[in-house]
**Student:** 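I'd like to ask some things about the structure below.
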Amino acid sequence: MSDSRYIEVAIHLPVFQTYTYSVPEPLLLQAVCGRRVQVPFGRQMVAGTVLGEATACDNAEIKPVAAVLDDGPLFPATMIPFFRWVADYYLYPLGETIANALPAGDLPKKSAPPVGKIPKDAVGDPILPDTPPDLTTDQEAVVADLVSRLDAGFCSCLLAGITGSGKTEVYMRVVAAALAMGKTALVLVPEIALIAQAEHRFCARFGHTVAVLHSGLSRTERWHQWSKIARGEAAIAIGTRSAVFAPLDRPGIIIVDEEHDTSYKQESGLRYNACDLAVVRAKLSDAVVVLGSATPSVQSLHNATTGKFSKTYRMDRRINRQPLPAITVVDLREQQARRGPRAYISDELHRAMAETLAQGNQVLLFLNRRGFASLPVCAACGNTIKCKHCDISLTLHKGANAFRCHFCGYSRAAARGCDICGSSSIKLLGLGTEKVEEAVKQLFPEASVARLDRDTTTRKGAMLRILKDLKNRKIDILVGTQMIAKGHDFPGITLIGVICADLSLNFPDFRAGERTFQLLAQVAGRAGRGVDPGRVILQTYNPDHLCIAAATRQDGSAFYDQEIAFRRQLGYPPFSRMVHLHISATDPAKAKARAREAGDCCTALKNSAPAVFGAVEVLGPVEAPIHKLASRYRWQILLKSRSAAAVKSFAARLLAQDGQRLRKGGVRLVVDVDPFFMM
DNA sequence: ACTCAACGAGAG
DNA sequence: TCTCGTTGAGTA
């Protein structure tokens with residue numbers, strides 16, 4: 001049995017088939033499931049992953065495996081059905097799916113990972129063991145119920161717990177119970193910044209059985225963490241979305257923290273949603289999956305009400321019994337006559353900041369846009385300073401003294417001035433965190449002001465440094481983007497100012513309202529985590545907008561009720577499934593023509609089998625909202641249907657029949673199953 | 001991704 | 001008629 005002659009290999013190239021290879025005698029023991037092999041493919045040698053044994057096929061000449069690349073399996077055989085599911089669902093080649101999941105590059109041969117050292121955090125401070133706190137009655141009830149489900153097969157649960165209700169402690173107790181049963185645990189966190197916190201707490205509780213996986217690790221470190229899990233030396237994997245592929249053997253519990261967060265959606269290459277995949281992986285592993293959030297996604301709430309989830313837990317009280325902060329709305333339309341900093345720091349906010357600082361407390365100002373000015377306009381000729389490669393205005397970054405494109409990354413010196421007339425007199429319209437920081441420094445010269453956004457946190461450990469300074473009261477006022485909205489616990493903060501609540505409202509997709517509500521509710525939750533109660537001042541141009549009004553009242557169920565009615569009426573998810581097709585080319589005419597062609601293919605396919613595909617709506621082709629991005633002209637087609645199976649097979653058929661033809665001549669066709677951002 | 005065969009426009 | 005560059009199909 002063990003001396004099988006043939007194996008199935010997924011080639012790490014964009015090919016949809018798998019291939020059969022023979023295994024020469026000396027490699028029989030090594031060429032096994034989960035290891036990578038080098039195989040002849042056409043005239044060249046390529047890498048592939050062994051999926052398992054195969055029977056000889058007689059319609060092709062079978063070549064032998066050339067070499068086995070790994071000393072041990074990179075993932076357990078139990079993950080192969082999961083990889084197959086992912087490849088099939090996202091219409092992505094299996095070999096590339098696996099290659100995407102694995103750490104990049106090759107496993108470094110030398111230098112074993114350090115063992116037994118005192119665990120350190122990202123700025124080098126030691127992590128000390130913790131003592132588990134007593135649970136609240138809310139927490140106790142949830143933990144008891146979840147633990148009772150651990151050995152009872154697949155189970156999906158929603159944990160809707162308000163900010164500060166102690167969800168992380170619940171996770172840790174359930175993980176401890178799973179470990180005690182000999183199972184492993186997977187914990188997903190939306191972004192790297194939150195890993196530091198989660199890692200800290202899990203390491204303090206569980207020590208060296210914790211492994212972390214995220215893109216901030218060096219290639220070597222990533223491989224170390226990966227193989228620590230693959231070898232069974234770590235039973236807990238904590239990570240960002242790609243960690244949903246962590247090579248854990250028997251996950252008993254899978255946790256998705258802040259499950260509503262859009263960063264679980266991968267927006268390039270294999271466009272998966274780690275939250276959805278966590279549920280799939282749990283199902284294929286007979287595990288319990290917990291989706292936790294203070295502001296659950298509309299999709300999850302819908303799943304909870306329709307019984308698609310096994311159980312919903314609510315934790316409506318904060319651990320410290322503090323009430324949620326009171327929210328005051330300021331109508332920015334009434335501020336429009338004002339000039340300078342006071343145009344976006346209203347009297348109410350200014351006064352509240354002064355009071356808070358006088359009390360010795362801290363202030364958080366939230367604006368979901370980085371840079372100084374997002375709309376630089378030439379004062380001489382009226383030209384908007386735009387990106388060379390995109391149809392988007394550049395953002396002035398004063399710190400870097402450069403204009404930058406937030407979409408393609410293009411950057412040019414600000415000193416060069418207008419690119420049409422050369423004038424150096426540029427009007428700096430549009431607001432960003434840098435401008436707010438500058439204004440606040442002017443208005444409160446005595447206060448210590450810091451900024452937390454992607455620009456101030458690029459260096460390793462910079463983020464944690466700022467957060468620690470905040471905790472140690474070295475910062476009085478912190479200005480930040482959505483980075484500050486997520487998960488952090490700042491006991492000294494009693495005032496939150498939302499500079500402009502409307503920025504995420506105008507995105508061209510149906511989830512804009514949902515994201516705005518969640519962001520505002522999350523930001524508001526940062527206040528009053530300590531002894532003193534908190535308050536929030538929310539500035540907006542749309543005080544009457546339903547989702548802003550609901551966020552103001554902190555009324556999640558009102559938001560959900562109106563949003564779900566809106567989605568039902570318009571047939572949006574969760575009442576339909578969508579597949580988004582992107583067509584792009586560097587030549588605008590070519591992009592347009594090919595988009596037309598793709599649209600015709602869709603219509604033809606629909607008409608070819610009206611019984612099956614009649615229920616699939618084909619919307620478009622239309623120009624993408626950002627028509628030019630990174631020098632490519634973009635078009636899109638949206639496939640939509642109440643039947644998930646219908647859209648899915650429609651897209652699969654379209655790709656099989658017309659994919660190659662539509663992709664020729666430098667035209668890109670990208671398929672996004674369950675799209676999030678349709679820009 | 002790479003490679004080979006097929007096809008089509010320009011030089012002899 | 002020959003050659004170079006581009007395009008499309010196939011890789012076990």
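Order of the sequence lines sets the chain letters (A, B, ...), proteins ahead of strands, with each chain counted from 1.
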**Student:** Salt bridge between R84(A) and E8(A), side-chain N to carboxylate O under 4.0 Å?
**Tutor:** yes
**Student:** Hey, does the side chain of Q660(A) come within less than 4.0 Å of dA9(C)'s phosphate (OP1/OP2), counting only N and O?
**Tutor:** yes
**Student:** Just to be sure I understand the rule, does I62(A) reach a base, reach only the sugar-phosphate, or reach nothing, if contact means heavy atoms closer than 4.0 Å?
**Tutor:** sugar-phosphate
**Student:** Using atom CD of E53(A) as one end and atom P of dA12(C) as the other, report the distance to the nearest whole Å.
**Tutor:** 22 Å
**Student:** Quick one: label Y21(A) by what it contacts on the DNA or RNA (base, sugar-phosphate, nothing), any heavy atom closer than 4.0 Å.
**Tutor:** sugar-phosphate
**Student:** L669(A) has an atom CG; how far is it from atom C1' of dG8(C), in whole Å?
**Tutor:** 17 Å
**Student:** Regarding V9(A), tell me which of base, sugar-phosphate or nothing describes its non-hydrogen contacts under 4.0 Å with the strands shown.
**Tutor:** nothing
**Student:** Would you call K265(A) and D672(A) a salt bridge, using N to O less than 4.0 angstrom?
**Tutor:** yes
**Student:** Does F676(A) have R511(A) sitting over its ring (NZ/CZ under 6.0 Å from centre, angle to axis within 45°)?
**Tutor:** yes
**Student:** Starting at atom CD of E96(A), determine the distance to atom C1' of dC2(B), rounded to an integer number of angstrom.
**Tutor:** 14 Å
**Student:** With a 4.0 Å cut-off on N to O distance, would you call R515(A) and D261(A) a salt bridge?
**Tutor:** no
**Student:** How long is the line joining CE of M45(A) and P of dA12(C), in whole Å?
**Tutor:** 11 Å
**Student:** Is a donor from one side chain sitting under 3.5 angstrom from an acceptor on the other, for H260(A) and S300(A)?
**Tutor:** no
**Student:** Could you give the CG-to-P distance, from N100(A) to dA1(B), as a whole number of Å?
**Tutor:** 12 Å
**Student:** Quickly work out the L13(A) CG to dC2(B) C1' distance and round it to whole Å.
**Tutor:** 8 Å
**Student:** Can you tell me the distance, in whole Å, between the CZ atom of F41(A) and the C1' atom of dA9(C)?
**Tutor:** 12 Å
**Student:** Send over the distance from I11(A) CD1 to dA12(C) P, rounded to a whole Å.
**Tutor:** 9 Å
**Student:** Within the structure, does a side-chain N or O atom of R43(A) lie under 4.0 Å from either OP1 or OP2 of dT11(C)?
**Tutor:** no
**Student:** Does OP1 or OP2 of dT7(C) have a side-chain N or O of K664(A) closer than 4.0 Å?
**Tutor:** no
